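If you read the sequence from its start, that first residue is 1, and numbering goes on from there. Being a predicted model, the structure only gives us computed values, none of them experimental.
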Amino acid sequence: MRVLVTGLWICAVTILSCYGAVTWGGGFFAKKTEPYLEGLQYQKLAPINIPMIADGKVQGYVVTVLVFTADAKLMHTLPVPPNAFVIDEAFRQIYSDPAIDFRKLAKYDINKRLAEIRARVNARLGSDVVKDVLVDEMNFVAKRELRS
């Protein structure tokens, strides 16, 4: 009888210790979630190739790499990342701008264009997510310089 009571006591102690470890030790073994850092997040976009058309022919391509900074907290709450919106808006702005003519080179107000891209992307997203749009690279490749 003493062996049976000792066995039941050992089982009860084991079950209670497992229950206690799971209940009170859950916070010890739980994954700690890191909160998103507040501030700005830096996003570098893929190169964009924008055809420049004049006199009904492709004269060449503007190849540009853009970077944008965005509010990190808002970036993680958006259902869609703003990268595609920035690329689309940059393409639309540069492609449709009549002031860009590589046959007659002149200074170009790039700050105005970048501010317009930022404003339109934020309007499309419905909040002030994109804080600044920057140019990482911008080149023009004439059609005659392209390999077939």
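- No continuous path of hydrophobic side-chain contacts links Val67 to Leu114 [ILVMFWY only; heavy atoms under 4.5 Å].
- One hydrophobic cluster, built from ILVMFWY side chains closer than 4.5 Å, holds both Ile110 and Ile87.
- Using a 4.5 Å cut-off on side-chain heavy atoms (C-beta onward), Ile53 and Tyr95 make contact.
- Hydrophobic clustering (ILVMFWY, side-chain heavy atoms < 4.5 Å, transitive): Trp9 and Val3 are in distinct clusters.
- In this structure, Met52 CE and Asp97 CG are separated by 7.5 Å, a value rounded to the nearest 0.5 Å.
- Closest of all the heavy-atom pairs between Gln59 and Ala54 is NE2-O, 2.9 Å.
- Taking 4.5 Å as the limit, some side-chain heavy atom of Val129 sits within range of a side-chain heavy atom of Asn122.
- Taking 4.5 Å as the limit, some side-chain heavy atom of Met138 sits within range of a side-chain heavy atom of Ile94.
- Nearest heavy-atom pair, Ile50 versus Ala90, reported as atom, atom and distance to 0.1 Å: CD1-O, 4.4 Å.
- The closest donor-acceptor contact from the side chain of Thr64 to the backbone of Glu137 lies under 3.5 Å.
- Heavy-atom minimum distance, Leu40 versus Asp71: CD2-N, 4.2 Å.
- Listed for the Gln93 side chain is no donor-acceptor partner under 3.5 Å among the backbone atoms of Ile117.
- Inter-residue side-chain proximity for Asp128 and Arg118 is flagged as met; some heavy-atom pair is nearer than 4.5 Å.
- Note: Asp132 CG to Thr69 OG1 = 5.0 Å, rounded to the nearest 0.5 Å.
- Glu145 CD to Tyr61 OH: the interatomic distance, rounded to the nearest 0.5 Å, is 13.0 Å.
- Under a hydrophobic clustering in which Ile, Leu, Val, Met, Phe, Trp and Tyr are joined whenever their side-chain heavy atoms come within less than 4.5 Å, directly or via other members, Val65 and Val133 fall into different clusters.
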Exercise for review: Tell me, with the steps shown, if Leu66 and Val135 meet side-chain contact (heavy atoms from CB on, under 4.5 Å).
Suggested key: CA-CA 5 Å; Leu66 297 176; Val135 176; 4.0 Å; yes

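- Each of Ile15 and Leu4 belongs to its own hydrophobic cluster when Ile, Leu, Val, Met, Phe, Trp and Tyr are linked at side-chain heavy-atom distances under 4.5 angstrom.
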**Study point:** Criterion side-chain contact (heavy atoms from CB on, under 4.5 Å) on Lys143 and Lys57, from CA distance to verdict
**Key:** CA-CA 10 Å; Lys143 186 176 179 184; Lys57 297 178 186 174; 5.9 Å; no

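- A salt bridge is defined here as a Lys NZ or Arg NE, NH1 or NH2 lying under 4.0 Å from an Asp or Glu carboxylate O, and Arg92 with Asp88 meets this definition.
- Within 6.0 Å of the NZ atom in Lys131, the count of heavy atoms belonging to other residues, nucleotides or ligands exceeds 12.
- The salt bridge (Lys or Arg N to Asp or Glu O under 4.0 Å) test with Glu116 singles out one residue from Arg113, Arg120, Lys112, and that residue is Arg120.
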